[in-house]
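In what follows, a structure is listed as structure tokens, so that the remarks can point back to it.
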Amino acid sequence: MLLSLLISLPFAQVPQTNTELVDLFPTVSSLPDNFRRAGPRVLFYADAPGFGREPFASDGTAAGTVLLGDLSPGLSGSWAPQVELFPGITARGALIAPIGASGGTPLWISDGTPAGTLPLLDLYPGQAPKQIRQGLEFDGRVFLAVVGIGSSSGLWITDGSAAGTQLLREFVNLSNLTRGSGALAGRVFFNARGGSEGFELWESDGSVAGTRLVADIDPGPGNGAPGHLTALGDRLYLTATTPATGRELFVSQGSGGPTVLAGELQPGPSAPSWQRAIAFDGRLFFDCTGTAASGRELWSFNPASASFALVFDPTPGLGEPSQPTGFELSGGRLFFLSRSGPPGGPQPYRLFALNSAAAQPVLAAPGVGLELAPFLRLEPLGQSGRVAFPGRSEAPGTDLGIEWFVSDGTPAGTFQLADSFGGLGSGAQLPFNPTSLRYSAVVGDRLVFCASGGSSGYEPHSVPFLATGAWLADSLGFGCGLQGAPKAQALSAPRLGQNFQVGLSGAAPFAPAFLELASAAVQLPIESLVGAPVAGACTLFLGNPQQLSVSLTDASGSAAPTFLLPSNPALAGVDLYLQWLTLAPGAPILGAAEISDALAVILGP
């Protein structure tokens, strides 16, 4: 069945080419920045002569890169380092916050084309401009933290339509939007000051009534100042300050339960210096100064034993902190950057990976210097369990300047993309502004990034990271269902001649589930297809789909059929797209159906 479908579909072969330069304006540097994946395209801001700084969209090729429009007429575009220029992706398109608005706080929506880039709503018409400091995607909608300069701030939510954009509450200020998990999955938590209390922990379920104070951790006008908000299981962990404890780790069950001290890394009013936090393998991992002797190192907190542990200190007792940074999860590993070197010698940054349940991290990329650390950001490559990062080979005779590398967390699985800059060698530089929010993004099989190639100045480039014949699986769009957003997942590698398992989770229990297959991607909101409102934002991504299988979900709403991929080498590198449709009474689509997000797959040999 699968073989006949693969033969009948007009699949596109992934091109195996070197780096492609998108020289937007040959006479000047366009200085692209704030790269953001939006379905099958990457959005970014760049300098456009005669327009100022405006948004562009690209599929990773020069021919597929376009100016979306003059959203801030004239030359008003400028740098805005604290503003989220692309606050999030809704089922109706990507949100854009134009730079340099002269009044109000305009919000735009875009499908990645000039014709589909349209004004959505002015959040504060007639008022002084406010800044969208953060956006948090939430099942096809986006929460927005909109901060006023010398004026009030607001928590908003939008589904990408004017009617579906709502102010939830005004605050003195707010920050750190974080989504809960488990029993708290339907809520967003944040740090805010709403009135007479100081900065404390708040939550919202997306409604006005459900936006409320969770806990006044430092009672009265004092500031608990919640930070490092991290969801783990059915709890939310955060650092907060009280006069008795200093800044320590707290745990919250949301407004329905207590918020209490989880543990003290430094007992008493003295406090560790917390930097970053991430949940992995049932534990919390922190970059923090746990003790004066260790300096800034990688620590963990185990909720089961309510205990802290020093995970990684490459030079113990020498007062040389490893300063871990760049935390990223991929393929059951925690990737991070850390200073490492011989005692008393140079301490350059290196790439490390920690496996689930492993005691110590592994040096994943020996012999690769990370000159851009600590500003460097690891780029996950879909669901492949790999990350991409810019570095410089230290092996004699192999230095081509700063190039892109790919790693699966092991030395054997780490390799340099063959001359990412197409022979530019040491003349290549990236990025021009390493402190920017985003200087790279993945679209399809290509990594799109900002770099200088010498005479071209700083421009967008793209490089195929599958040139070695690797596979890829990545999520697209949004689903909608009775219990949230059903999700499609690649549970095994899509390699020719091997079994490929496609998972469904979060769907209705004991429901017929149809897995659909297509060779081309579209991007159509379900509402526009059925001609009726849908409770929840979801998108169809399959063009001319064909049915691949029928399953019955289990009690948890999951299914996981397995298919034997044909061993035909001609199919290596082709694209395919998969999406689940589930039938369930009362479901959001016409009261009868659910749909998952889509799974974009590139077959590997």
Expected list for residues 109-121: side-chain donor-acceptor pairs under 3.5 angstrom, two or more places apart:
| from | atom 1 | to | atom 2 | distance (Å) |
| --- | --- | --- | --- | --- |
| Ser110 | OG | Gly112 | N | 3.0 |
| Ser110 | OG | Thr117 | OG1 | 2.8 |
| Asp111 | OD1 | Thr113 | N | 3.0 |
| Asp111 | OD1 | Thr113 | OG1 | 2.6 |
| Thr113 | OG1 | Gly116 | N | 3.0 |
| Thr117 | OG1 | Thr113 | O | 2.7 |

Validation row, ring centre Phe312 to ring centre Phe352 under 6.0 Å:
yes
Would you say Arg92's side chain and Asp159's backbone share a donor-acceptor pair under 3.5 angstrom?
yes
Checking Ser596 against Gln579: is there a side-chain donor and acceptor pair closer than 3.5 Å?
no
Separation of Leu265 CG from Ser273 OG (nearest 0.5 Å)
11.0 Å
For ring-ring contact (aromatic ring centres under 6.0 Å, His included), just list the numbers for Phe190 and Phe171, CA-CA rounded to whole Å, side-chain angles, deciding distance to a tenth of an Å, and then say yes or no.
CA-CA 12 Å; Phe190 54 99; Phe171 293 92; 5.5 Å; yes
Test salt bridge (charged side-chain N to carboxylate O under 4.0 Å, His left out) on Arg36 and Glu137 and set out the steps.
CA-CA 13 Å; Arg36 177 67 180 259; Glu137 295 173 3; 2.5 Å; yes
Taking ring-ring contact (aromatic ring centres under 6.0 Å, His included) as the definition, give me every residue that meets it alongside Phe389, ordered by chain and number, with sequence neighbours left out.
Phe405
Given Trp274, Trp299, Phe327, Tyr237, the one that forms ring-ring contact (aromatic ring centres under 6.0 Å, His included) with Phe286
Trp274
Under the side chain to side chain contact (heavy atoms under 4.5 Å, CB included) test against Pro226, which residue among Leu238, Val214, Thr259, Leu236 passes?
Leu238
Any luck finding a side-chain donor-acceptor pair between Asp281 and Ser356 under 3.5 Å?
yes
For Leu232 and Gly282, the nearest pair of non-hydrogen atoms, with its separation, is CD2-O, 3.8 Å
Yes or no on side-chain hydrogen bond (donor to acceptor under 3.5 Å, both in side chains) for Gln134 and Ser175, after CA distance, side-chain angles and deciding distance?
CA-CA 7 Å; Gln134 186 186 358; Ser175 62; over 6 Å; no
Applying the side chain to side chain contact (heavy atoms under 4.5 Å, CB included) criterion to Leu24, which one of Thr65, Leu31, Asp47 satisfies it?
Thr65
Here the salt bridge (Lys or Arg N to Asp or Glu O under 4.0 Å) pairs for residues 176-201, sequence neighbours left out, are Asp139-Arg179, Arg187-Glu203
Has Thr105 got a side-chain atom pairing as donor or acceptor with Lys130's backbone, closer than 3.5 angstrom?
yes
Would you say the side chain of Leu249 lies within less than 4.5 Å of the side chain of Leu284, judging by non-hydrogen atoms?
yes
For Trp156 and Tyr124, take the angle between the two ring planes, folded into 0 to 90°, and tell me which bin it lands in: parallel under 30, tilted 30 to 60, perpendicular over 60.
perpendicular
Main-chain N/O of Ala508 paired with Glu594 side-chain donor or acceptor, under 3.5 Å:
yes
Can a donor-acceptor pair be found between the side chains of Ser255 and Arg212 at a distance below 3.5 Å?
yes
Before accepting this row, confirm whether a basic side-chain N of the pair Arg41/Asp59 lies closer than 4.0 Å to the acidic partner's carboxylate O.
no
Check whether Lys487 reaches the backbone of Gly479 with its side chain - one donor and one acceptor, N or O, closer than 3.5 Å.
no
Between Glu248 (side chain only) and Gln266 (backbone N and O only), is there a donor and an acceptor less than 3.5 Å apart?
yes
